[in-house]
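Okay, structure first, notes after.
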Amino acid sequence: MPLTVATWNINSVRLRQDLVAELAAKRNPDVICLQETKCPNSEFPRKSFERLGYRHIAAHGQKGYHGVAVLSKRPIETIVAREFCEKGDCRHLAVDVEGDGGRSVRIHNFYVPAGGDEPDPAINPKFAHKLDFLEELIAWSADDVSTVAPDSGALLLGDLNIAPLEDDVWSHRQLLRVVSHTPVETEGLERVRKALDWVDVVRRDVPPPEKLYTWWSYRARDWEAADKGRRLDHVWLTPGIADACTQVEVLREARGWERPSDHVPVIVRLEM
DNA sequence: ATGGTGGGCGCCCCA
């Protein structure tokens, strides 16, 4: 049985429950990893997702900001919601998803800080926080490898708020000094990826120089015509299970849905 | 060159 996993920055889970239902109707992923739920756990709309068949839910949220959650059709076991940068932010949730024959795969769902507007850590504490977060991710990778990335395989996915490659943005040159595509961020994210040799399966399937975006600003008059997107959302696999990924999809059409999120789902299919 | 939009919360934060 294949396992399909989606990641989506939903920008308020309560406001966009219907869009999750639309994703379920159109692609029916087994697992949906959400970011920016902006919702305390006690307010999480569990019932609405249980009705869609997602009967196994792990929510890690807070009031107003951030927040991550995993919705699953298969049983899951929550492993940890680690705190990064001692901020108390809800930006990470790790679960094990049950596969066939007792096998399971670990999923790390991340919401990396956006980093504010000014790409100078000396004057912008939000950018400093973003860079600190990357350094902590590297330290975390070395901490306890068998927990972060067990031999059975792991995914690291979510809104990483960085577009690492030149063709992950509409204009490499014009975004070099724009937060999300500055060299200190793109090089930092690459160091995170290399720490455990994660495989960017999306770019393996859609290699550069093809442009590929997962986010389009709300501020564009016509997001589709301008198409000034960035690839901020990612799915990485440990090398041992990278070959199990047989299909990836960036669901661009979701940006045109009613009252959309500014991010679209990224979906991967694993044969396992 | 600048300001554009959207969500949560409560008179302003964040993306």
Side-chain angles (χ1 to χ4, degrees), chain A residues 7-23 33-45 48 59-69 83-93 109-121 123-134 157-164 168-171 173-182 185-186 189 213-234 252-266:
Chain A
T7 175
W8 196 8
N9 178 320
I10 192 71
N11 187 18
S12 171
V13 70
R14 282 174 287 185
L15 196 68
R16 298 192 218 282
Q17 294 166 55
D18 292 349
L19 294 192
V20 175
E22 193 158 349
L23 172 63
C33 298
L34 299 172
Q35 304 88 34
E36 276 210 277
T37 54
K38 297 184 175 178
C39 178
N41 295 340
S42 58
E43 314 281 322
F44 196 86
S48 124
H60 179 51
Q62 64 188 89
K63 185 178 177 178
Y65 309 103
H66 325 311
V68 287
E83 181 182 1
F84 284 78
C85 301
E86 298 178 338
K87 291 252 182 201
D89 291 351
C90 297
R91 296 183 179 276
H92 172 244
L93 179 60
N109 181 11
F110 274 104
Y111 177 52
V112 171
D117 289 330
E118 183 56 55
D120 179 353
I123 60 172
N124 175 9
K126 290 189 222 168
F127 195 68
H129 177 209
K130 185 176 197 175
L131 299 183
D132 288 346
F133 200 97
L134 294 178
L157 55 74
D159 177 6
L160 306 186
N161 264 317
I162 296 172
D168 291 339
V169 292
W170 63 276
S171 169
R173 189 179 58 81
Q174 291 180 79
L175 287 169
L176 270 171
R177 275 177 281 278
V178 173
V179 171
S180 73
H181 194 62
T182 65
E185 293 169 87
T186 58
L189 188 65
Y213 314 135
T214 65
W215 173 89
W216 293 261
S217 172
Y218 282 126
R219 295 176 191 178
R221 203 168 297 156
D222 181 339
W223 72 273
E224 195 162 27
D227 200 21
K228 292 185 172 178
R230 306 178 200 170
R231 189 172 72 106
L232 304 179
D233 303 273
H234 300 274
R252 181 183 165 107
E253 67 162 75
R255 186 62 179 79
W257 291 351
E258 191 76 22
R259 281 253 257 173
S261 168
D262 44 356
H263 296 252
V264 299
V266 181

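- Taking atom P in both B/dG10 and B/dG6, the straight-line distance is 22 Å, to the nearest Å.
- Nearest-nucleotide positions on DNA chain B for A/P40 and A/D159 put A/P40 closer to the 5' end.
- Annotation: proximity of residues 219-232 of chain A to DNA chain B (heavy atom, distance under 4.0 Å) is found for A/R219, numbered in ascending order.
- Non-hydrogen atoms lying under 4.0 Å from DNA chain B are contributed by nothing in residues 86-93 of chain A.
- Between A/K38 atom NZ and A/S12 atom OG the span is 7.0 Å, to the nearest 0.5 Å.
- A search for side chain to side chain contact (heavy atoms under 4.5 Å, CB included) contacts involving A/T186 returns A/I162, A/H181, not counting sequence neighbours.
- A distance of 8.5 Å separates CG in A/L176 from OG1 in A/T182, rounded to the nearest 0.5 Å.
- Across the C1' atoms, B/dT2 and B/dG8 are found 26 Å apart, a figure rounded to whole Å.
- Across A/D159, A/N161, A/N11, A/N109, a single residue satisfies side-chain hydrogen bond (donor to acceptor under 3.5 Å, both in side chains) together with A/Q35, and that is A/N109.
- If you take SG on A/C85 and CG on A/D132, they are separated by 5.5 Å, rounding to the nearest 0.5 Å.
- Straight-line distance between the C1' atoms of B/dG4 and B/dC9: roughly 22 Å, to the nearest whole Å.
- The side chain to side chain contact (heavy atoms under 4.5 Å, CB included) search around A/K228 returns A/W170, A/A226, not counting sequence neighbours.
- Extent of DNA chain B lying under 4.0 Å from chain A heavy atoms, first and last nucleotide in 5' to 3' order, is B/dG4 to B/dA15.
- Put simply, the side chain of A/T214 gets close to the backbone of A/L232: a donor and an acceptor are under 3.5 Å apart.
- The main-chain N or O of A/H92 is never found under 3.5 Å from a side-chain atom of A/Y111 such that the two would form a donor-acceptor pair.
- A pairwise comparison of heavy atoms in A/R14 and A/C39 identifies NE-SG, 3.7 Å as the closest pair.
- Checked by atom type and distance alone, the side chain of A/R255 pairs as donor or acceptor with a backbone atom of A/W216 at under 3.5 Å.
- Take the nearest nucleotide of DNA chain B for A/Y218 and for A/K126: the residue whose nucleotide is more 5' is A/Y218.
- Straight-line distance between the C1' atoms of B/dG7 and B/dA1: roughly 28 Å, to the nearest whole Å.
- A/D18 meets the side chain to side chain contact (heavy atoms under 4.5 Å, CB included) test with no other residue; sequence neighbours excluded.
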